[in-house]
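Data block below; observations after.
From a predicted model like this one, the values you see are computed outputs, not experimental measurements. The basis for the numbers below is simple: all heavy atoms, side chains too, and nothing from hydrogens, waters or symmetry mates.
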Amino acid sequence: EMRIISRAPTRIGLMGGGSDISPFSKLYGGQVLNIAVGIRHTCELIPRNDDWIWIEALGESRIHKYNDLPKSGVDSKFDLIYQTIRSYVLPSGFQLIDSFDGIQGSGIGSSASAAVSMIGAFNRWLDIKQTKLEIAKKAQDIEVSLGWISGFQDQIASVYGGINNFEFKGFPQFIAHSKELPEIWNEAFILFFTGKTRNSSVIQEQLVKRMNDDATVDALYKSTLLVDRGYDFLWQGKVELFADVFNKSWKLKKKTNPLVTNKKINKIERIVKECKGYGIKGMGAGGEGHILVVTEPRYKKIIIRNLEEFG
C-alpha cells in the first residue's frame, strides 16, 4: 500500500513578529527574523480504495464519508485538517495520522507546521508541484479562510527551515537565509514552557485593533529596523550583542500589545536577570506558552534550575 510521510518544523520568532500581520504588513511592509527548530508535525497519509476518511490527531479520532466533512467551527480541534482536505479534489478516501513533538498553542507556530506537513503529503499523493513559497502561501490561506489571524513568518520557517531574515509587502523576499545555526546557540538559548497554552488568535485580534494607534505602528516599525542587526549577530555567534537587540525587540513587542505579557512572564524575566541571563522574549503572540531565554552559556544550568523550581 502507498504510505506517504511528511514532516515540517516549527519556529522560534526572534524579532519583527507582528509586522507580518495585515494591515501593518500591507501598509508599511514588515521584516521578521526567525529560526526553525526540530519540534515537528508529522503527517502520515495512506490512500484507501473506498470513500471513507479516517483521521487521527491530538490523541483523538474522527471518521467521515468522503465529501461529508463537518462545517468550520463544529469541531474546532480538527478545523485546520478539514479545511486543508477541502482545498483538494481527491480521488478516494484515505487515512491521515497527524502527530506533533511539542505542545499545541504554545507560541512556536504549530498550526503552520501542521498545515505545511499535510500539504506536503497531499501534494505528493496527487503529484502536485508547488514551490516552497507557494506551499507557505497555501498554508497561510487555509488559516485565513478559517477566520484566523495569521501572519506569514510561521509558514516560511516551516517550509524553508534554517535561519530566516525576510521582508514582505505582500509576498516575502529573503534578505538572508541560512540552513546552519552556529553551535554556540545550543548553549545560549533556553526554550522554557510556562505550563499553559493560549488562543493566539484572541491576542492577535487585540494587536490588529491597536494597529490604528500611532504608538503601536511606531513600535512595530522600530522592531523591523532591528532585524538586520539581529541576523548578523546571530550568524556571527555574538551572544551579548545579539541579546541587546533581542531585549529591545521584546520591549517593543510589549508596547504593541499588553496581552503579550503577564505577572508570571514578568517574574520569569526577573529570575533570568537575577541569574545573570541577558533576557527573555515571549514566543508567538505571547501571553503564555513558550519563553525564549538568551544567556551566556556558563549561566545556563543555574537559570534552568531556577526556572524549574519556579515552574
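- Of the candidates L33, I156, I175, I156 is the only one forming a side chain to side chain contact (heavy atoms under 4.5 Å, CB included) with N164.
- A donor-acceptor pair is defined here as one N or O able to donate and one able to accept, closer than 3.5 Å; no such pair exists between the side chain of N212 and the backbone of R210.
- Between the OG atom of S117 and the CG atom of D98 there is a distance of 5.5 Å, given to the nearest 0.5 Å.
- Within a 6.0 Å radius of NZ in K209, other residues, nucleotides and ligands contribute 12 heavy atoms or fewer.
- Here the closest non-hydrogen pair linking I108 and T10 is O-CB, 3.0 Å.
- Contact check for I149 versus V144: no side-chain heavy atoms found under the 4.5 Å cut-off.
- A distance-only check finds no donor-acceptor pair linking the side chain of S22 to the backbone of S25 [under 3.5 Å].
- Residues P9 and S158 come closest through the heavy atom pair O-OG, 2.9 Å.
- The backbone N or O of A112 lies less than 3.5 Å from no partner atom in the side chain of D154, so there is not a single donor-acceptor pair.
- Side-chain contact, K138 with S87: a donor N or O sits under 3.5 Å from an acceptor N or O.
- Among all heavy-atom pairs drawn from I35 and L234, the shortest one is CG2-CD2, 4.0 Å.
- A side chain to side chain donor-acceptor pair (under 3.5 Å) with Q95 holds for exactly one of E56, R48, E44; it is E56.
- The aromatic rings of F166 and F168 sit tilted, their planes meeting at an angle between 30° and 60°.
- A salt bridge is defined here as a Lys NZ or Arg NE, NH1 or NH2 lying under 4.0 Å from an Asp or Glu carboxylate O, and E269 with K254 meets this definition.
- The two residues G17 and L220 come nearest to each other via the heavy atoms O-CD2, 4.0 Å.
- Between R7 and I5 the shortest side-chain heavy-atom distance falls below 4.5 Å.
- Contact between M211 and I21 at its shortest, heavy atoms only, is CE-O, 3.8 Å.
- In this structure, K276 contributes its side chain and Y299 its backbone to no donor-acceptor pair below 3.5 Å.
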Begin from the C-alpha positions of D127 and K129 and carry the test salt bridge (Lys or Arg N to Asp or Glu O under 4.0 Å) through to its verdict.
CA-CA 6 Å; D127 197 28; K129 302 292 192 291; 2.5 Å; yes
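- The closest donor-acceptor contact from the side chain of Q140 to the backbone of G151 lies under 3.5 Å.
- At least one donor-acceptor pair closer than 3.5 Å links the side chain of Y66 to the backbone N or O of L90.
- Exactly one residue among Y231, F242, W250 makes a side chain to side chain contact (heavy atoms under 4.5 Å, CB included) with M15. That residue is F242.
- Taking the six-membered ring for Trp and thresholds of 30 and 60 degrees, H41 and F100 have nearly parallel ring planes, at less than 30 degrees apart.
- When atom types are taken as modelled, the side chain of S106 and the backbone of I103 share a donor-acceptor pair closer than 3.5 angstrom.
- Counted by atom type alone, H177 and N165 present zero donor-acceptor pairs between their side chains at under 3.5 Å.
- Between L58 and K77, the shortest heavy-atom contact is CD1-O, 3.6 Å.
- Under a 3.5 Å cut-off, the side chain of S113 and the backbone N or O of A8 do form a donor-acceptor pair.
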